[in-house]
*Asks:* 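Quick one: the structure is below, and I'll ask about it shortly.
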Amino acid sequence: MIKILCRYIVLTILILMTGCGTYFNQPYDVKDARIGELASKTEILRNFPDPYEQVVVGVYNFKDQTGQYKNLQNGSSFSTAVSQGGTTMLLKALEDSKWFTPIERENLSNLLNERNIIRSTRDEYGKRTNTTQPPLSPLLYAGVLLEGGVISYDTNVITGGAGARYFGTGGSTQYREDRISIYLRAVSTSNGKILKTVYVSKTILSQSVNASLFKYVSFQRLLEAETGYTRNEPVQLAMKDAIEKSVEALIIEGIKEGMWTTADGGLTNKKLIDAYEAETILEESKLLNDRRQIIEDHKAEISFGATTPIFNGDYKKKKVGFGGYLSYSRVLNDRLNLNVDLAYAKMSSGRTFSEEYIMPQINLEYNLLPYDNLSPFIYGGGGYILAIRNPDPPLTEKVETPKIQLGAGVRLIASPKFDLRLFAESNFTFSDKLEGVESGKRDDFYYNIGLGLNYKFGKK
């Protein structure tokens with residue numbers, strides 16, 4: 001019993017290793033208030049190069065424009081899915097960056113009322129004491145207004161998980177990814193022109209890991225155990241991170257447009273712009289689920305590789321052969337290629353049949369995901385099988401036949417010039433005499449599995 005218990009304890013520990021930071025820091029006591037957590041972009045803003053001159057900005061309302069409420073499995077909730085404190089988060093990000101002087105505009109009526117109270121109090125005090133009171137300092141006005149807000153909050157963008165159970169012992173994991181998107185724009189107060197607009201999105205991850213044991217360890221002795229954890233990324237921190245990223249992007253976009261500059265000028269500006277443009281190119285090459293998109297502009301490919309044909313004829317015993325191929329491909333468009341191949345294969349079957357073949361063939365290839373780093377493809381075409389006689393041929397009749405082939409595979413972009421290809425195909429012949437035996441109604445055919453290397457050249 002002790003051995004069985006130790007075995008399942010070790011299994012549980014291994015399952016929980018992926019989330020040990022969360023699992024071994026579970027809350028057991030009431031915690032005191034603390035300074036708010038930093039988002040991933042907070043330190044970047046705080047360490048940003050100093051500006052040549054701070055810009056006075058006003059933010060009237062950076063609001064939740066989704067109008068979305070929290071999604072509950074049972075019943076409904078009147079709590080909003082997104083924090084309503086977007087204006088406060090934006091003002092804090094502007095302050096941390098040191099590039100802007102934010103002024104109060106969200107509750108401007110409160111500020112104006114308070115200033116009226118100050119004026120009235122000073123007037124009354126001046127009349128009572130017969131003294132002249134100094135005038136109230138004028139309000140700052142903004143040269144730039146910042147507008148925008150949270151424009152979408154999408155739940156269950158990606159969901160999934162995995163699990164296994166064997167004789168009452170098992171574990172499972174589940175995950176869910178939500179997504180929040182914001183827009184931020186700078187508007188000139190002198191003429192109302194929109195100076196720059198930036199768009200930022202942030203994913204929000206939720207994870208659950210569980211392990212359980214339900215086992216009879218001996219007669220009338222049942223061992224039952226369960227453990228696990230759930231981790232949800234706070235929506236408020238995700239929103240704060242997205243807002244701070246938008247402020248960073250707005251600053252660098254403004255430097256590119258010449259709206260403002262760093263205190264050091266030229267070289268510092270160039271470093272910021274170069275890093276930002278490299279990040280922009282990388283992000284714009286990706287789709288929603290971080291699928292990187294690669295636009296290729298070559299017009300031709302040369303491919304070569306090794307294959308393992310498996311002949312399927314009238315003999316019961318099947319053997320694995322070997323071969324290779326050399327191919328030239330012409331790129332017709334982003335999804336279609338026209339391939340001209342010359343293949344070699346040595347195929348065997350039964351105890352006596354062994355033959356070598358050369359097969360010229362032509363294929364039309366279709367790429368399902370042409371802009372992805374890993375792309376599946378399908379192809380089909382026709383060719384001809386030409387036999388090469390062995391010194392001691394096992395066959396008395398030389399058999400040659402046309403064929404058609406259908407296949408599928410995956411392509412991995414290893415570099416701008418080279419691809420790796422893994423494929424499998426079925427080759428259907430129009431003869432039942434390839435191995436010298438004619439039996440049944442079905443013609444001979446063979447399977448082929450191959451691994452190849454593509455070299456891309458030329459420009460479209």
Side-chain angles (χ1 to χ4, degrees), residues 157-158 160 162 177 278-312 320-347 357-385 403-429 445-460:
V157 175
I158 301 177
E177 192 173 78
E279 180 184 3
T280 301
I281 292 173
L282 177 62
E283 295 298 337
E284 289 181 349
S285 68
K286 296 179 181 179
L287 294 181
L288 176 62
N289 301 323
D290 280 341
R291 286 171 47 203
R292 186 174 180 183
Q293 302 293 280
I294 300 174
I295 307 299
E296 298 187 306
D297 60 352
H298 64 279
K299 67 178 181 180
E301 300 176 357
I302 292 178
S303 176
F304 60 91
T307 58
T308 55
I310 303 174
F311 189 79
N312 196 325
V320 177
F322 65 88
Y325 73 94
L326 178 65
S327 172
Y328 171 80
S329 300
R330 183 72 178 186
V331 178
L332 303 180
N333 56 43
D334 290 342
R335 293 183 180 271
L336 286 176
N337 291 355
L338 183 64
N339 305 335
V340 179
D341 307 342
L342 182 62
Y344 162 82
K346 181 175 182 180
M347 293 184 284
Y357 298 96
I358 291 180
M359 294 160 285
Q361 54 193 26
I362 185 169
N363 291 304
L364 187 63
E365 179 181 305
Y366 181 78
N367 293 298
L368 301 178
L369 301 172
Y371 311 119
D372 282 40
N373 192 49
L374 185 65
S375 171
F377 61 88
I378 56 176
Y379 62 92
Y384 201 83
I385 299 180
K403 73 181 184 74
I404 59 174
Q405 61 274 348
L406 297 172
V410 291
R411 172 185 66 109
L412 174 63
I413 298 179
S415 72
K417 287 293 185 181
F418 291 97
D419 294 347
L420 292 175
R421 295 165 59 89
L422 177 65
F423 61 90
E425 64 182 21
S426 292
N427 293 261
F428 306 94
T429 72
F445 66 97
Y446 66 94
Y447 304 108
N448 212 8
I449 301 173
L451 178 65
L453 180 67
N454 270 21
Y455 173 72
K456 299 172 285 189
F457 63 95
K459 294 286 185 179
K460 289 184 182 178

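Source: prediction; values computed, not measured.
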*Asks:* Which heavy atom in Asp341 sits nearest to a heavy atom in Ser327, and how many Å separate them?
*Replies:*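 For Asp341 versus Ser327, the nearest heavy atoms are OD1-OG, 2.5 Å.
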*Asks:* For a quick test of reading the model, state the closest non-hydrogen atom pair linking Thr307 to Gly324 and the distance between them.
*Replies:*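 The pair with the smallest heavy-atom distance is OG1-N, 3.4 Å.
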*Asks:* Decide yes or no on side chain to side chain contact (heavy atoms under 4.5 Å, CB included) for Tyr384 and Tyr357, but give the supporting numbers first.
*Replies:* CA-CA 10 Å; Tyr384 201 83; Tyr357 298 96; over 6 Å; no
*Asks:* Listing request: all salt bridge (Lys or Arg N to Asp or Glu O under 4.0 Å) pairs with a residue in residues 361-382, at least two apart in sequence or in separate chains.
*Replies:*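 Residue pairs passing salt bridge (Lys or Arg N to Asp or Glu O under 4.0 Å), neighbours aside: Arg291-Asp372, Glu365-Arg421.
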*Asks:* Determine the sole option in Asn337, Asn339, Asn454 for which the side chain to side chain donor-acceptor pair (under 3.5 Å) test with Ser329 is passed.
*Replies:*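 Among the candidates, only Asn339 passes.
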*Asks:* Could you tell me whether the side chain of Ser375 and the main chain of Leu369 form a donor-acceptor pair under 3.5 Å?
*Replies:*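 Between the backbone of Leu369 and the side chain of Ser375 there is a qualifying donor-acceptor contact (under 3.5 Å).
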*Asks:* Write out all pairs satisfying ring-ring contact (aromatic ring centres under 6.0 Å, His included) with one or both partners inside residues 323-342, taking only residues at least two apart or from two chains.
*Replies:*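 Only Tyr325-Phe423 qualify under ring-ring contact (aromatic ring centres under 6.0 Å, His included).
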*Asks:* Looking at Leu368, is its backbone amide N or carbonyl O close enough to the side chain of Arg335 to form a donor-acceptor pair, meaning the two atoms are under 3.5 Å apart?
*Replies:*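 Present.
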*Asks:* If the condition is salt bridge (charged side-chain N to carboxylate O under 4.0 Å, His left out), which residues does Glu279 pass it with, not counting sequence neighbours?
*Replies:*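 Once residues adjacent in sequence are excluded, the partners of Glu279 under the salt bridge (charged side-chain N to carboxylate O under 4.0 Å, His left out) criterion are Lys245.
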*Asks:* Working to the nearest 0.5 Å, report the span between CG of Leu406 and CZ of Phe428.
*Replies:*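 The distance works out to 6.0 Å.
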*Asks:* Go through the structure and list residues passing side-chain contact (heavy atoms from CB on, under 4.5 Å) with Tyr371, not counting sequence neighbours.
*Replies:*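 So Tyr371 forms a side-chain contact (heavy atoms from CB on, under 4.5 Å) with Gln293, Ile295, Asp334.
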*Asks:* State, with a plain yes or no, whether a side-chain heavy atom of Leu420 is found less than 4.5 Å away from one of Val410.
*Replies:*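 Heavy-atom side-chain distance check fails, nothing below 4.5 Å.
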*Asks:* Excluding sequence neighbours, so at least two apart, what forms side-chain contact (heavy atoms from CB on, under 4.5 Å) with Tyr455?
*Replies:*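 For Tyr455, the residues satisfying side-chain contact (heavy atoms from CB on, under 4.5 Å) (neighbours in sequence not counted) are Lys417, Phe418, Phe457.
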*Asks:* Distance from Leu453 atom CG to Ser303 atom OG, nearest 0.5 Å?
*Replies:*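 Those atoms lie 7.0 Å apart.
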*Asks:* First locate atom OH of Tyr379, then atom CD1 of Ile362, and finally report the distance between them rounded to the nearest 0.5 Å.
*Replies:*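 Rounded to the nearest 0.5 Å, the OH-CD1 separation comes out at 14.0 Å.
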*Asks:* With sequence neighbours left out, what residues match Lys456 under salt bridge (charged side-chain N to carboxylate O under 4.0 Å, His left out)?
*Replies:*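 Partners of Lys456 by the salt bridge (charged side-chain N to carboxylate O under 4.0 Å, His left out) criterion, ordered by chain and then number, come out as Glu296, Asp419.
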*Asks:* Rounded to the nearest 0.5 Å, what's the gap from CZ on Arg330 to CG on Leu338? Could you check?
*Replies:*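 It comes to 10.0 Å.
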*Asks:* Could you go through Leu332 and Leu364, starting from their C-alpha distance and side-chain angles, then the distance that decides it, and tell me whether this counts as side chain to side chain contact (heavy atoms under 4.5 Å, CB included)?
*Replies:* CA-CA 10 Å; Leu332 303 180; Leu364 187 63; 4.1 Å; yes
*Asks:* Looking at Asn312 and Tyr447, what are the two nearest heavy atoms and their distance?
*Replies:*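 Taking Asn312 first and Tyr447 second, the nearest heavy atoms are ND2-CE1, 4.0 Å.
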*Asks:* Distance check, rounded to the nearest 0.5 Å: Met347 atom CE versus Ile385 atom CD1?
*Replies:*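 Going from the CE atom of Met347 to the CD1 atom of Ile385 covers 5.5 Å.
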*Asks:* Do any N or O atoms from the side chain of Thr308 and from the backbone of Ile449 form a donor-acceptor pair under 3.5 angstrom?
*Replies:*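 Yes.
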*Asks:* If you compare all heavy atoms of Lys459 against all heavy atoms of Asp297, which two are closest, and at what distance to 0.1 Å?
*Replies:*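 Closest approach of Lys459 to Asp297, heavy atoms only: NZ-OD2, 3.1 Å.
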*Asks:* Please give me the minimum heavy-atom distance between Met359 and Ala345, naming the atom from each residue.
*Replies:*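 So the two residues come closest at CE-CB, 3.5 Å.
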*Asks:* If you compare all heavy atoms of Asn363 against all heavy atoms of Gln405, which two are closest, and at what distance to 0.1 Å?
*Replies:*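 Taking Asn363 first and Gln405 second, the nearest heavy atoms are OD1-NE2, 2.8 Å.
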